[in-house]
There are 2 protein chains.
Amino acid sequence: MNPEDYSEIFKALSHPLRLKIACGLLHKGKCNVNTMVERLGESQSLISQHLNILKKSGIIKGYREGNIIWYRLENELAAKLLKNIELKLCD
Amino acid sequence: MNPEDYSEIFKALSHPLRLKIACGLLHKGKCNVNTMVERLGESQSLISQHLNILKKSGIIKGYREGNIIWYRLENELAAKLLKNIELKLCD
DNA sequence: TGACAATATTAGAATATTATAATATACTAA
DNA sequence: TTAGTATATTATAATATTCTAATATTGTCA
């Protein structure tokens, strides 16, 4: 991991909505898009776009189960970083 | 601290150069601008601009000592986050 | 004071990010 | 197959970030 790699993780977490999503996943374990849409009160498109950014940075992964895609946190560094954040942020 | 506050800290650390600066300060304790310029091989203006971003986010503070300004990490959350990063990044 | 050293600020072009709106894709069940 | 549900993608306008080059500020010392 070089500085660029590290800063990419920080960058992925540098948006309030992505931070909420990632933090939620840390504590809930998994979540699907529509549930995030409801919980976070943002449009489906916006949630999906931000999920994509988290996905591209390697922080989360999606697993399809029939009609639904479950997202999970899949990055140890991100998990460690998120543990420094107060819980009440997360749902 | 709300999600926006947290994400600002991440944002400040989301650039490779700022991450190097902050990580350097974590481990060296303090540093002045010209030393950073030499160590990081970037222009004085660029270093100064990025220091300003770190300063505005409340991650670092500068203390003048005559002609020189010493920068220090002054944020507990940032310090905790940076401790999750491999040391060899830091000088 | 004037010259110099250390640092900050500004302007501007190039590029990246963000949110909205509209549309597309993938799967399920009837 | 068709309708419906869940999610992804695309285009676009607005805004923000980044870097470079030039200039300004602040403090020291002769």
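Here the structure is a predicted model, which is why all the values come from computation and not from measurement. Worth knowing before you read on, the calculation uses all heavy atoms, side chains too, and leaves out hydrogens, waters and symmetry mates. In the text below, chain A, chain B and the rest are named by the order of the sequence lines, each starting its count at 1.
Its side chain within the 4.5 Å cluster rule, B:Ile68 clusters with B:Trp70 among the Ile, Leu, Val, Met, Phe, Trp and Tyr residues.
The base of C:dT20 is paired with the side chain of A:Gln49 by a donor and an acceptor separated by under 3.5 Å. On a pure distance criterion of 3.5 Å, no polar donor-acceptor pair joins the side chain of B:Ser48 and the base of C:dT9.
Although no hydrogens or angles enter the test, the distance criterion places no donor-acceptor pair under 3.5 Å between the side chain of A:Thr35 and the main chain of A:Cys31. Remark: side-chain polar atoms of A:Arg72 are paired, donor with acceptor, to backbone N or O of A:Gly29 under 3.5 angstrom.
With rounding to whole Å, B:Ile69 atom CD1 is found 11 Å from D:dT28 atom P. For B:Ile68 and D:dT28, the CD1 to C1' distance is 11 Å, given to the nearest whole Å. To the nearest angstrom, C1' of C:dT28 lies 15 Å from CG of A:Asn34. Atom pair A:Glu65:CD and D:dT7:C1' shows a separation of 15 Å (rounding to whole Å applied). Computed from coordinates, the A:Trp70 CH2 to C:dC27 C1' distance equals 15 Å when rounded to whole Å. At whole-Å resolution of the value, CD in B:Glu8 and P in D:dA16 are 13 Å apart. The CD1-P distance, from A:Ile47 to D:dT5, rounds to 20 Å in whole Å. The distance between atom CG of B:Leu51 and atom P of C:dA6, rounded to the nearest whole Å, is 15 Å.
Of the candidates D:dT7, D:dT18, C:dT7, the closest approach to any side-chain atom of B:Arg18 belongs to D:dT18. Looking at the side chain of B:Gln44, the nearest of the listed nucleotides C:dT18, D:dA11, C:dA8 is C:dA8. Taking every side-chain heavy atom of A:His50 into account, C:dT18 is the closest of C:dT18, D:dT7, D:dA8.
If you check every strand for non-hydrogen atoms under 4.0 Å, A:Leu46 touches a base.
Of all heavy-atom pairs spanning B:Ala12 and B:Ile59, the tightest one is CB-CD1, 3.6 Å.
When the side-chain nitrogen and oxygen atoms of B:Asn67 are compared with OP1 and OP2 of C:dA5, none of them lie within a distance under 4.0 Å. The phosphate of D:dA8 (OP1 or OP2) has no side-chain N or O of A:Asn52 nearer than 4.0 angstrom. When the side-chain nitrogen and oxygen atoms of B:Asn32 are compared with OP1 and OP2 of C:dA6, none of them lie within a distance under 4.0 Å. Note on A:Tyr71: a side-chain N or O is less than 4.0 Å away from OP1 or OP2 of D:dA8.
Between A:Lys11 and B:Ser45, the residue anchored nearer the 5' end of DNA chain D, judged by the nucleotide with its closest heavy atom, is A:Lys11.
Distance check: A:Ser57 OG to A:Asp5 CG gives 11.5 Å after rounding to the nearest 0.5 Å.
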